[in-house]
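Whatever order the structure lists them in is the order used to number ligands and atoms, beginning at 1. Note that the structure is predicted; figures quoted are calculated from it, not measured.
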Amino acid sequence: MTKMKQCETWIWILLMTIEFTACQDFDIFVFSEQWPPATCIKGRQEKKTCKMPLVYNYWTIHGLWPCSSSGDNPKYCPGPSFNFSQISNLTEELISYWPDIYDKRSIQGLWNHEWTCHGTCAQTIPATKNERRYFKKNLELIKKFNITSILSNHNVSPSEGNPYSPTIILDILKKDLGHAPLLICIEDEVRF
Ligand SMILES: *[C@@H]1O[C@H](CO)[C@@H](O)[C@H](O)[C@H]1NC(C)=O
Ligand SMILES: *[C@@H]1O[C@H](CO)[C@@H](O)[C@H](O)[C@H]1NC(C)=O
Ligand SMILES: *[C@@H]1O[C@H](CO)[C@@H](O)[C@H](O)[C@H]1NC(C)=O
């Protein structure tokens with residue numbers, strides 16, 4: 001019997017450093033991607049259920065978070081409330097790449113949360129200066145840092161019956177991205 005580990009990767013990337021010089025509140029962005037089966041396991045531990053069957057067999061966006069290297073990360077900044085009309089013509093892409101995989105939340109629940117908690121704090125720089133740009137930037141980043149394709153280019157296609165060790169995944173990402181991402185693993189309590 002092996003215990004299976006599902007991984008979700010949180011990638012730390014330094015972006016647009018020049019623009020940050022004017023900004024006191026944050027100096028890096030954390031772009032976080034998740035492996036949906038792992039997110040479901042995490043959810044189960046928090047008594048959340050996933051939409052089933054889980055159709056996402058690829059890495060999806062969790063969020064883009066302004067962070068401060070001092071550790072004091074800005075959250076819930078003043079700014080316009082989430083307005084779905086601003087991003088309605090991105091819906092198709094957002095559903096594919098930034099789905100809320102938990103059940104019983106409106107389709108816009110995750111987007112609303114990510115904007116309100118993190119996006120509002122990113123408005124001080126041009127690339128993410130409003131809701132629409134913030135969501136577009138996320139879609140750009142998931143294409144640029146496509147973990148699904150990076151891994152499959154190295155013949156790594158994890159699935160329930162076919163786990164890989166976090167070390168293998170981390171090594172591939174490190175080589176490909178030129179930086180070591182932070183990889184957080186969720187341990188499944190279910191034994192196979
Ligand atoms: C939401 O955005 C739409 C489209 O830009 C705009 O017409 C509407 O006034 C906005 N709603 C609010 C509450 O700001
Ligand atoms: C989508 O909507 C925005 C305004 O909310 C507009 O600027 C943009 O041109 C639209 N894009 C398409 C492809 O219709
Ligand atoms: C990532 O790559 C996979 C496989 O190469 C592709 O199917 C998928 O559409 C890509 N995702 C994005 C966000 O471009």
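Looking only at protein heavy atoms, the nearest one to atom 5 (O) of ligand 3 is Ser149 CB, 3.4 Å. Scanning the protein heavy atoms around atom 14 (O) of ligand 3, the nearest turns out to be Lys143 CG, 3.5 Å. Annotation: atom 9 (O) of ligand 3 to nearest protein heavy atom, Tyr97 OH, 3.3 Å.
Within the 4.0 angstrom cut-off, atom 7 (O) of ligand 3 has no protein heavy-atom neighbours.
Glu93 has a carboxylate O that lies under 4.0 Å from a charged side-chain N of Lys143, or vice versa, which qualifies the two as a salt bridge.
Looking at ligand 3, you'll find an N or O of Asn146 within less than 3.5 Å of one of its N or O atoms.
Using cut-offs of 30° and 60° for the angle between ring planes, the His113 and Tyr76 rings count as perpendicular.
Residues meeting the side chain to side chain contact (heavy atoms under 4.5 Å, CB included) test with Asn146, sequence neighbours left out: Thr148, Ser149. Under the rule for a salt bridge (charged side-chain N to carboxylate O under 4.0 Å, His left out), Lys174 has no partner lying at least two apart in sequence or in another chain.
For the residue pair Thr167 / Asp171, no side-chain donor-acceptor distance below 3.5 Å is found, with atom types taken as modelled.
In Thr148, neither the side chain nor the backbone holds a heavy atom less than 4.0 Å from any atom of ligand 3.
Near Asn83, meaning under 4.0 Å from one of its heavy atoms, ligand 1 places the atoms 1 (C), 2 (O), 3 (C), 8 (C), 10 (C), 11 (N), 12 (C), 14 (O). Atoms of ligand 1 lying under 4.0 Å from any heavy atom of Ser85, numbered from 1 in the order shown and given with element: 2 (O), 3 (C), 4 (C).
Here the closest heavy-atom approach between residue Tyr134 and residue Glu114 is recorded as OH-O, 3.8 Å.
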